[in-house]
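Below is one structure; the comments refer to it alone.
Keep in mind that the numbers below use all heavy atoms, side chains included, and drop hydrogens, waters and symmetry copies. In the text below, chain A, chain B and the rest are named by the order of the sequence lines, each starting its count at 1.
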Amino acid sequence: MLHDVLLEHVVVHSFSDGSGTVFFNQVTGETLGVSLTAQQLERLVLNGETDISVQAQDLHALSRMLKLPSQSLEKANV
Amino acid sequence: MSSQQFLLLPPFTFEVRTDIPLVADNLKRLYGNRLVDMVSYPDYFVSVQKAEGIRRFYRPQARFFADQQEPFQPLQQQQAYAMLEWGMNWCIATHEMQYVIIHAAVLAKDNKAILFPAPPGSGKSTLTTWLAFHGWRLLSDEMALIQPHSRTVIPFVRPICLKNNSITLAKQWFPDATYSTVASDTHKGDVIHLSPPESSWQHNKEPAEIVGVVFPNYRSDTEMDIYQLDKTQSFMQLAQNAFNYGVIGHDGFATLCQLIDRVAGFEIFYNDLALVAEFLQQELIDAGG
């Protein structure tokens with residue numbers, strides 16, 4: 001599950017229209033929105049699937065919301 | 001001679017002290033019977049006072065205080081009334097954490113409210129003025145106070161802040177409305193405050209349910225372009241206009257997520273206010289809620 005790899009203080013919400021997912025770090029106040037559904041994010045983050053397109057800056061920001069090292073995400077999306 | 005009066009501005013009350021006649025005169029003119037002589041427990045104690053020192057002889061200044069704090073640098077005395085209005089905004093934006101506060105105008109019809117979040121220069125206050133004087137109820141020109149985990153927005157009715165060209169427009173459209181004196185050469189340019197219609201004042205304790213979020217962009221060369229935003233776009237734009245959402249944490253985030261999931265979001269580019277009103281009525285008021 002996506003929640004398992006989020007940093008402790010990060011909360012997440014996927015929108016009902018399937019347009020994307022937003023993350024909020026309750027400690028830093030940082031907010032991130034990506035145009036990926038929860039299912040796509042799970043495939044990207046947990047399974048390392050490579051057919052999911054994410055902008056580099058979003059990937060970098062996303063890595064700050066996760067327990068995973070940023071390299072593992074970037075490798076997944078190469 | 002210093003005056004001490006109280007402003008009843010639900011859901012808050014302010015004690016206002018000033019020794020500047022311009023401030024006292026504008027308060028009386030714009031707030032009318034919302035300005036009273038006695039209140040048991042004001043929420044905020046604010047004052048606008050003449051600055052002391054040699055400068056008062058050649059370029060008189062005013063200072064704003066909220067309790068013991070002085071959040072702003074002194075301004076020219078002719079800008080003192082605008083400074084008071086901005087100071088009251090500052091009090092709410094920095095202290096009221098029981099609401100999720102968005103930098104947005106809020107207008108309603110039939111208790112169905114639309115948020116208009118926008119940065120300065122987007123034409124938000126001009127649009128607000130036009131709608132408020134064409135049958136819409138003004139809940140706020142500056143900040144939306146949203147009850148956490150709900151779509152309920154609490155009115156905080158205050159004068160509308162108009163800048164530069166919008167001052168001329170408003171005075172052409174509504175010559176009989178009540179305006180403050182002009183504060184010229186502020187960091188926003190020339191600024192004036194406009195008292196909303198009496199009907200908005202009279203309903204200043206009635207919450208409304210948010211049915212839509214519209215991000216306005218005035219464009220002199222565009223009659224009306226409308227773009228429906230997806231929910232992720234709407235959320236990100238709304239979050240950028242939130243005053244305290246980062247501070248109140250999870251409740252703020254959850255409130256905005258729930259709100260965006262339930263209502264439609266649009267970005268509009270316009271120069272025809274009547275067309276905007278027609279769109280809002282048909283797409284959000286008649287269809288919403």
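The contact list for residues 248-258 of chain B toward chain A, using heavy atoms and a distance under 4.5 Å, reads B:G249, B:H250, B:F253, B:C257 by residue number.
Here the OG1-CD distance, from A:T31 to B:Q240, works out to 9.5 Å after rounding to the nearest 0.5 Å. Atom OG1 of A:T21 is separated from atom NZ of B:K231 by 14.0 Å, given to the nearest 0.5 angstrom. To the nearest 0.5 angstrom, A:S16 atom OG is 10.5 Å from B:R262 atom CZ.
Applying the salt bridge (charged side-chain N to carboxylate O under 4.0 Å, His left out) test to B:E278 and every residue at least two apart in sequence or in another chain returns nothing.
Counting only heavy atoms from C-beta outward, the side chains of A:V22 and B:T232 approach each other to under 4.5 Å. Side chains of A:H13 and B:D261 form a contact here, defined as non-hydrogen atoms less than 4.5 Å apart.
Only the backbone of A:V34 has a heavy atom closer than 4.5 Å to any heavy atom of chain B. When heavy atoms are compared at a cutoff of 4.5 Å, A:V12 approaches chain B solely by way of its backbone atoms N, CA, C and O.
In this structure, A:S19 contributes its side chain and B:D230 its backbone to no donor-acceptor pair below 3.5 Å.
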